[in-house]
Amino acid sequence: MVNSVCVFCGAQYGDYRQAAARLGAELGSAGLEVVYGGGHVGLMGALADAAMTAGGRVVGLIPERLLEREVGNRAITELQVTDSMFERKRQMIERADAFVTLPGGLGTLDELLEVITLRQLGYHAKPILLIDLDGYWQPFVSLVEHVIRTRFAAPAVRELFQLVDSVEAVLPALGVPPATASRSVAAG
Ligand code: AMP
């Protein structure tokens, strides 16, 4: 059962500020805990603000070194300052029951590949969703298919992650029906 969702997304807005806010609102009002990188910049900030406004629980994990650069977000339920990038990622991965990826940059790619490869090696079996807004993740899918075609990975690795084409498709893909979401909100 999914209670806590880790979101990977850009520390810039790109063209997806609204989408990040929509995702935060959906997760927050569904009563799901949002785990993320703890910053108040870019899509990360938009996601966290919207989840908090929706009455959600938001946990941020940020390395001490990035507190200033990514503007550590003190306006969330819990902000954990970690000693290192590795510890941040370890805790994000451990705390969540599922991973959802919005568009983002190289940091987002790193986090996404980490959870995919850990799943490939059997370290976890948590769902990994990519929100494929405007086909944002198609080049990534093509790269994975290239790796499979050239026999550096088994065809089954394509099943390690799932694409959804909208923010609205996230809760159903995680098995959280909208009816349950409404009840969670009502229950406070
Ligand atoms: P970006 O997608 O580059 O905008 O970065 C999104 C988030 O990923 C930011 O919070 C970065 O600090 C984080 N990030 C960047 N590099 C790494 C890395 N090597 N491991 C884990 N997170 C990273």
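Counting starts at 1 for both ligands and their atoms, in listed order.
The immediate protein surroundings of ligand 1, defined as residues with any heavy atom under 4.0 Å of it, consist of Cys9, Gly10, Ala11, Met44, Leu66, Glu70, Met85, Arg88, Lys89, Gly104, Gly105, Leu106, Gly107, Thr108, Asp110, Glu111.
Neither Leu106 nor Leu143 shares a network with the other; the hydrophobic side chains, linked directly or stepwise wherever heavy atoms of I, L, V, M, F, W or Y lie under 4.5 Å apart, form separate groups for each.
Listed by first and then second residue, the ring-ring contact (aromatic ring centres under 6.0 Å, His included) pairs involving residues 2-25 are Phe8-Phe99 (not counting sequence neighbours).
Other members of the cluster containing Phe86 do not exist, because no ILVMFWY side chain is joined to it at under 4.5 Å.
Between Arg22 and Glu26 there is no salt bridge, since none of the side-chain N atoms of the basic residue sits less than 4.0 Å from a carboxylate O of the acidic one. The pair Glu70-Arg88 meets the salt-bridge criterion, since a charged nitrogen lies less than 4.0 angstrom from a carboxylate oxygen.
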Donor-acceptor contacts, no H, no angles, side chain residues 46-69, under 3.5 Å, sequence neighbours left out:
| unit_1 | atom_1 | unit_2 | atom_2 | d |
| --- | --- | --- | --- | --- |
| Asp49 | OD1 | His40 | NE2 | 2.8 |
| Asp49 | OD2 | His40 | NE2 | 3.1 |
| Thr53 | OG1 | Asp49 | O | 2.8 |
| Arg57 | NE | Glu33 | OE2 | 2.7 |
| Arg57 | NH2 | Glu78 | OE1 | 2.8 |

